[in-house]
Each structure stands twice: as structure tokens, then as C-alpha cells.
Amino acid sequence: MSSLEPVTRSFPAPSRHAPAARKRRGALRSACAALLVVAVVSGCGTAQGALQASTPPSAPPAAPSGATVTPPGGSGPSEPPSAPTAPGTRPPAGSDAAAAPSATAPGRTPGAPRPGSPQPAPGAPTAGTPTAGTPTTGTPPAQPAPPPAAPGVSAALVAGTAHGGRTVALTFDDGPGPATGQVLDVLAQYGARATFCQIGPQAAANPAMVKRILAAGHRLCDHSVHHPQPFAALSHDRQVEEIVPARDMIVRAGGAGTEVPWFRAPGGGFTAANQQVAAAAGMRPLTWTVDTRDWSRPGVPAIVASVQRGLRPGGVVLMHDGGGDRSQTVAALRQLLPWLTAQGYGFDFPAV
Ligand SMILES: [Zn+2]
């Protein structure tokens, strides 16, 4: 996406594909051929438009005017530049800060433009205007036609809560990690519920924590297998291999009946194609309206202020329970939860 984005870490080469994966791709190609026929008859844009026409049951909240709002679609770095790694290979605490762009130095006004940070292109979508149908630049040009969404699952970005009104959806990415238990403790103290966007192998390595999250009444979200960035630049096959197996790992960790209603692309790197992949697997693509940038450890006051300034009713807050030292996040949560309650906010899940 920009110079601020890290070079994608090297992951195990996806040189082997299970027969099931081949079958899946075969099915995708068949769907592609069928869609091509439709495209010839009705025009590609029309076919694509029809696929994207399914709007979310509840419209995202109006775009907050606060500068802390991050446009969905990965227009700016919103996550640790160093991707979470497989259990056992996680970088030591502090490595995030070392790798983080200097523009994220503590003291920066939350939401203020970051020197050198990528700015949305003119006409770029803003929060509250889902970008379904707007492929992110950098997407490989030759994309197979996306599979149809699972019945009842929209591929449109979710950027609001299930119930709207004076509610908030707290979301925690990149876990489960060492801080997840503390986050759960604070949430329980204030009777708050949240959504955890998990890295597949980390869920697989800590099924007890996944089960604890579910037992406490929280919900789960798929956040890929390896957290590669920029996610939208991966080939279609690589994206499928990041999205679907991670969901399966999370379900196995949670046990029978575990639901994973959402997918969040690493760094918010959504495209129309990967949103369709998620929807076909039964998951709504989930973005956010308030980016706390807690992963950059900007200081507890900055994290708290980003929510206090940027949140509007029905908003989705992005925080992290994994990916490094999350002590600032936990401390900020201790202030934010009573503040949210005092402001009359109810804790909700994202729309489905
Ligand atoms: Zn992430």
C-alpha cells in the first residue's frame, strides 16, 4: 500500500494444494465461466453490480466527522506493520514499536494526518460508505470471478452494529495472545461483550482461550491464517487460502457449533473479490469506524481519546489483543468501558 507497509513476511510457500482446494478452484473456474457468459449477455459491470447489490440489513452509521475515523478498505495502515506470526515465532515485545513507522510516535494527535502516510485518493470511499465493488488498487488484474455468496450472507462491508442506535461494537484483532485473558477480565468487569478477530493458527494453538471467549458470550471473527499485508495484493488463490482455512481452525478450536460470522482482512485490505470469498464461506466482511491505533502503543490517553472523539452511535472500534505488548490497550479499556457506559452506550456485536 505504501512505504509504511511492511514487506510481507515469508510464509510457508503455498506450493501444495489439497485435492479439496483443487476442487474448490475447479468450482470457482466453472462459476467464472458461467459468469463470463452472463457478462457477455448483460455486460460485466451489470453482472458485477448484481453481485454487489445485496446491501447489509442495517446500513452502516453515518460517517462520523471525527478525524479519527479510518476509511474502510485499507486506505491507511491500521494494523501492526509486523504481521503476527505463528505461535512460538512471535517477535519479542517491543519489536512492533521498532518496526512501526516513526509517524506513529507517542504524542501524535489521534487521527491527525501522519507525515508520509497514504491519503485516500480523491473520491475514495469514506467510513459509512461500504466499498463493495471497489477493488483496491494493487489487486492483481486477472481475478477469477468471485463465487456467489452463501445464501443470506451479504458481501457488503459491515461498518456498524447489529442494533444501531446508541450501541458500539468493540473488536479485538490479532489474537488470541498473552493479553486476551486480561481483555476478557476487563470486559467481564463491565459486562461488555466484544468480537475477537483471530489468527487461525493462534486459535488452533490456544483452544482453551477460544472456548473461554465463547463461554463469556463474545463472538469470533476470522482474521486470516498468516496476516499477510497488503492483503489485497495477494493472488486470489492465496487470499482464499488465508480466509477459509483460518475460519476452519477457529471453528475447530471453539468446538462443535462454533460460529464465525465475520471476516476482517489484515490491514483492512478488502476487495470486492475477497469480500465475495468471505461471504461465500458464510462470513460478512467486517471493517471499522474508529481506529485506535493501539498496536502502535501511542499511550493510554491517545487510545482513550481516539474513541472519545471518533465514536458515533452504531460504531465499530478497532483494538488489538494480540500482536505484541497490549498493556496500553488493557489500561485504555479500563477507562473506556466505564466512559462508554456513562455515555449511554450499549455493547453490541457487528451487524450480520
Ligand atoms: Zn490484524
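As the structure lists them, so they are numbered: ligands from 1, and atoms in each ligand from 1. Just so you know, these numbers use all the heavy atoms, side chains as well, and skip hydrogens, waters and symmetry mates.
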Trainee: Checking only N/O/S atoms, does His320 have one that is under 2.8 Å from the Zn ion (ligand 1)?
Mentor: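 For His320, the answer is no, given that no N, O or S atom comes within less than 2.8 Å of the Zn ion (ligand 1).
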Trainee: Rounded to the nearest 10 degrees, what's the angle NE2 of His223 makes with OD1 of Asp174 at the Zn ion (ligand 1)? Could you check?
Mentor: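 Taking the Zn ion (ligand 1) as the apex, the two atoms subtend 90°.
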Trainee: With a 3.5 Å cut-off and sequence neighbours excluded, list the donor-acceptor pairs that the side chains of residues 182-193 form with protein atoms.
Mentor:
residue : atom : partner : partner atom : Å
Asp185  : OD1  : Arg212  : NH2          : 2.6
Arg193  : NE   : Phe347  : O            : 2.9

Trainee: Is it the case that the side chains of Arg264 and Thr171 hold a donor-acceptor pair, with the cut-off being a distance below 3.5 Å and no angle test?
Mentor: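 Result is yes, a qualifying pair exists.
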Trainee: For Glu259, I'd like to know if atom CD has over 12 heavy atoms of other residues, nucleotides or ligands within 6.0 Å.
Mentor: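 For Glu259, atom CD is not crowded (no more than 12 foreign heavy atoms under 6.0 Å).
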Trainee: Would you say the Zn ion (ligand 1) has Cys197 as a near neighbour, meaning an N/O/S atom of that residue under 2.8 Å away?
Mentor: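 It does not; every qualifying atom lies at 2.8 Å or beyond.
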Trainee: Identify, with sequence neighbours excluded, every residue that meets side-chain hydrogen bond (donor to acceptor under 3.5 Å, both in side chains) alongside Ser327.
Mentor: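 With neighbours one apart ignored, the set is Asp325.
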